[in-house]
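Predicted model, so just to flag it, every value in this text is computed and none were measured.
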Amino acid sequence: MGSVWSLAIIIGPILLIGAVIFAWFKNRNTSERLERKADEGARNLREEIAEKPHKNMDL
């Protein structure tokens, strides 16, 4: 049973680091169209909140 825990302790962090690196590379290169769309959505949300500050926003 001790060898299983040893493998888990060694392989677990390696898999976690691999997942973080994979996610970082995947999110690193977004398309310009997607970035503009996200910026526009954030701008619209800020304007809507500014117009109606007491409205309950469903985020």
Hey, what else clusters with [X] if you join Ile, Leu, Val, Met, Phe, Trp, Tyr whenever side-chain heavy atoms sit under 4.5 Å?
{"X": "I11", "answer": "L7, L15"}
{"X": "W24", "answer": "I17, I21, F25"}
{"X": "I10", "answer": "I14"}

Does E32 have any salt bridge (Lys or Arg N to Asp or Glu O under 4.0 Å) partners at least two apart in sequence or in another chain, and if so, which?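 Once residues adjacent in sequence are excluded, the partners of E32 under the salt bridge (Lys or Arg N to Asp or Glu O under 4.0 Å) criterion are R36.
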
Minimum heavy-atom distance between P13 and A8, given as atom pair plus value: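 That closest heavy-atom pairing would be CD-O, 4.0 Å.
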
For N27, side chain to side chain contact (heavy atoms under 4.5 Å, CB included) partners two or more places apart: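 Expected list: none.
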
Listed by chain and number, what are the side chain to side chain contact (heavy atoms under 4.5 Å, CB included) partners of S31, not counting sequence neighbours?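 For S31 the side chain to side chain contact (heavy atoms under 4.5 Å, CB included) partners, ignoring immediate neighbours, are R33, L34.
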
